Enquirer: 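Okay, handing you the structure first.
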Amino acid sequence: MIRRALVLVLLAVLGALFAALWLGFTPAEELGLTGRYYAEHTAPDLGAANLVTAIIVTYRGLDTLGEVTVLFLSAAIVGLVLAGGRPAARRKPPVPAGELLATGSRLLVPLILLLGAYVIVNGHLTPGGGFQGGAILASGTLLLLLAEPLKRFSHGLITRIESLSGATFVALGLLGLVFAGGFLDNRLLPVGTLGELFSAGLMPVISVLIGLKVGAEFSSMLASLSETEDS
Amino acid sequence: MELLGQYNYWVVFFLMMTGFYVVIARGNLVAKIVGLNIFQTSVFLLYISMGKVSGGTAPIVADPGSLYSNPLPHVLILTAIVVGVATTALGLALVVRIKEAYGTVEEDEIYAQDDPPHGSAPALAQGSETATADSAGEARR
């Protein structure tokens with residue numbers, strides 16, 4: 001009873017705080033200083049149309065490297081926590097997937113992977129990029145796992161894709177330090193014309209690497225979780 | 001009528017309160033993770049809404065000189081979404097482990113097993129251990 005009252009009081013306090021912030025809020029009429037810098041300089045300097053991808057991959061590329069590391073660590077910890085579960089032989093066999101799911105996944109998985117590749121490759125031109133496309137790729141993996149619960153993904157392959165793309169990411173960043181303006185500078189390759197697929201220098205390449213890495217990490221998390229199902 | 005126009009803040013408010021309530025009031029660990037995700041979603045929506053510039057378009061360069069919404073919240077929330085997925089996976093992995101160890105995902109039952117009420121034998125999850133209440137209490141210390 002006391003606990004419930006406490007919950008309601010906390011809820012009321014948070015609600016009041018948020019409402020006070022909200023009542024004093026007016027939407028912005030123009031971009032702030034940092035936002036305006038990015039809006040004005042991204043297209044001429046880096047040759048990318050998508051400001052968000054330009055900031056993620058180039059302006060704040062180091063932070064993205066850190067974030068990819070966070071993802072890698074959590075994927076590794078999920079694997080570690082779930083490792084050494086009960087042996088597969090003692091588990092009940094899972095419920096087989098229905099006709100609809102099995103057939104539907106065969107139709108949809110290639111399309112999902114194609115969409116993921118499209119979103120990754122066009123990240124510097126249209127909404128999208130490595131993280132979004134990588135998540136779409138992993139959703140294809142999820143559908144595969146749902147359709148065939150007994151399917152086992154090769155963890156070795158996933159780890160190899162992940163570490164290879166991660167190492168290339170860092171190596172390209174270091175090359176930028178030597179041959180271009182700084183760590184992860186995208187002008188290592190020619191910038192090209194705005195709006196073409198092969199433009200914006202290194203940006204599509206790094207998007208592809210991030211996409212592969214994120215897709216591999218999410219897939220490895222999903223595979224680890226699915227291999228410990230049922231208890 | 002201004003408050004009605006900013007309807008996405010109503011959605012943020014509703015989701016935030018729902019998520020917060022689920023996190024603190026529910027004993028089920030899986031429900032807690034779901035609540036955490038709902039709360040997270042409200043924060044994502046809040047940031048994206050605040051990044052909106054009146055009359056601005058999506059931050060994709062089309063023709064020079066047009067007004068864009070602020071790209072910085074988009075960047076921030078993109079990373080937050082990815083990290084949110086990772087923390088959810090980690091939380092679920094821990095719940096799987098807790099379920100294996102205690103045989104339940106209800107918080108109250110886990111507390112009861114960790115700290116058995118006086119005079120009653122603790123219900124061990126592992127059925128193989130047929131220890132008496134005393135020796136089980138001994139082993140716990």
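To find a chain, count down the sequence lines: A is the first, B the second, and so on, and within it residues start at 1. As the structure is a computational prediction, the values presented were derived from the model and not from experiment.
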Enquirer: Is there a side-chain contact between A:Leu10 and B:Ile24 in this structure, where contact means two heavy atoms from C-beta onward sitting under 4.5 Å apart?
Expert: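 The answer is yes; the side chains approach within 4.5 Å.
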Enquirer: When heavy-atom pairs shorter than 4.5 Å are enumerated against chain A, which of B:Leu90, B:Leu94, B:Leu46 gives the highest number?
Expert: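 Of B:Leu90, B:Leu94, B:Leu46, B:Leu90 has the most heavy-atom pairs under 4.5 Å with chain A.
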Enquirer: How far does CD of B:Glu100 sit from CG of A:Leu82, to the nearest 0.5 angstrom?
Expert: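 Answer for the CD-CG pair, B:Glu100 versus A:Leu82, is 8.0 Å.
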Enquirer: Quick one: ring-ring contact (aromatic ring centres under 6.0 Å, His included) partners of A:Tyr59, sequence neighbours excluded?
Expert: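 Only A:Tyr38 meet the ring-ring contact (aromatic ring centres under 6.0 Å, His included) criterion with A:Tyr59.
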Enquirer: Can you name the closest pair of heavy atoms from B:Arg97 and A:Val81 and give their distance?
Expert: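 Smallest interatomic distance, heavy atoms only, reads NE-O, 2.7 Å.
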Enquirer: Picking from A:Leu6, A:Ile77, A:Val52, which has the most non-hydrogen pairs under 4.5 angstrom with chain B?
Expert: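 Option with the top pair count is A:Val52.
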Enquirer: Mind checking whether B:Leu72 and A:Ile55 have side chains closer than 4.5 Å, heavy atoms only?
Expert: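 They are in side-chain contact.
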Enquirer: Please determine whether side chain to side chain contact (heavy atoms under 4.5 Å, CB included) holds for the pair B:Ile60 and A:Leu51, giving the CA-CA distance in whole Å, both sets of side-chain angles, and the decisive distance to 0.1 Å.
Expert: CA-CA 6 Å; B:Ile60 311 284; A:Leu51 301 184; over 6 Å; no
Enquirer: Would you indicate whether the side-chain heavy atoms of A:Gln132 and B:Ile81 approach each other to under 4.5 Å?
Expert: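 Sidechains of A:Gln132 and B:Ile81: no contact.
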Enquirer: Please flag which part of A:Thr126 lies under 4.5 Å from any non-hydrogen atom of chain B: side chain, backbone, both or neither.
Expert: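 When you check distances to chain B, only backbone atoms of A:Thr126 fall under 4.5 Å.
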Enquirer: Under a 4.5 Å cut-off applied to non-hydrogen side-chain atoms, are B:Phe20 and A:Val7 in contact?
Expert: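 Of all side-chain heavy-atom pairs linking A:Val7 with B:Phe20, none is under 4.5 Å.
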Enquirer: How close do B:Ala93 and A:Val78 get, heavy atom to heavy atom, and via which atoms?
Expert: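 For B:Ala93 versus A:Val78, the nearest heavy atoms are CB-CG1, 4.1 Å.
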Enquirer: Can you tell me how far apart CG (A:Leu11) and CE (B:Met16) are? Round to the nearest 0.5 Å.
Expert: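 Answer for the CG-CE pair, A:Leu11 versus B:Met16, is 11.5 Å.
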Enquirer: What's the spacing between B:Thr79 OG1 and A:Arg60 CZ if we round to 0.5 Å?
Expert: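 B:Thr79 OG1 to A:Arg60 CZ: 11.5 Å, rounded to 0.5 Å.
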Enquirer: Looking at residues at least two apart in the chain, or sitting in another chain, which of them share a ring-ring contact (aromatic ring centres under 6.0 Å, His included) with B:Tyr21?
Expert: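 B:Tyr21: no ring-ring contact (aromatic ring centres under 6.0 Å, His included) contacts found.
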Enquirer: Could you tell me which portion of A:Arg4 (side chain, backbone, both or neither) has an atom closer than 4.5 angstrom to a non-hydrogen atom of chain B?
Expert: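 Side chain of A:Arg4 only, per the 4.5 Å heavy-atom cut-off to chain B.
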Enquirer: Do A:Ser74 and B:Thr87 have side-chain heavy atoms sitting under 4.5 Å apart?
Expert: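 The answer is no, as the side chains (C-beta and beyond) never meet within the 4.5 Å cut-off.
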Enquirer: What residues of residues 34-45 of chain B make heavy-atom contacts with chain A at a cutoff under 4.5 angstrom?
Expert: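 Heavy-atom contacts from residues 34-45 of chain B to chain A are B:Phe39.
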Enquirer: Would you mind reporting whether A:Leu14 and B:Met17 have side-chain heavy atoms less than 4.5 Å apart?
Expert: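 A side-chain contact exists here, since the closest heavy-atom pair is under 4.5 Å.
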Enquirer: Quick one: are A:Leu71 and B:Val83 in side-chain contact, heavy atoms under 4.5 Å?
Expert: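 They are not in side-chain contact.
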Enquirer: Could I get the full list of ring-ring contact (aromatic ring centres under 6.0 Å, His included) partners for A:Tyr37, not counting sequence neighbours?
Expert: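 Listed in chain order: A:His41.
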Enquirer: Consider ring pair (Phe, Tyr, Trp, His ring centres under 6.0 Å). Of B:Trp10, B:Phe14, B:Phe13, B:Tyr9, which one does A:Phe18 pass it with?
Expert: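 Of B:Trp10, B:Phe14, B:Phe13, B:Tyr9, ring pair (Phe, Tyr, Trp, His ring centres under 6.0 Å) with A:Phe18 is met by B:Phe13 alone.
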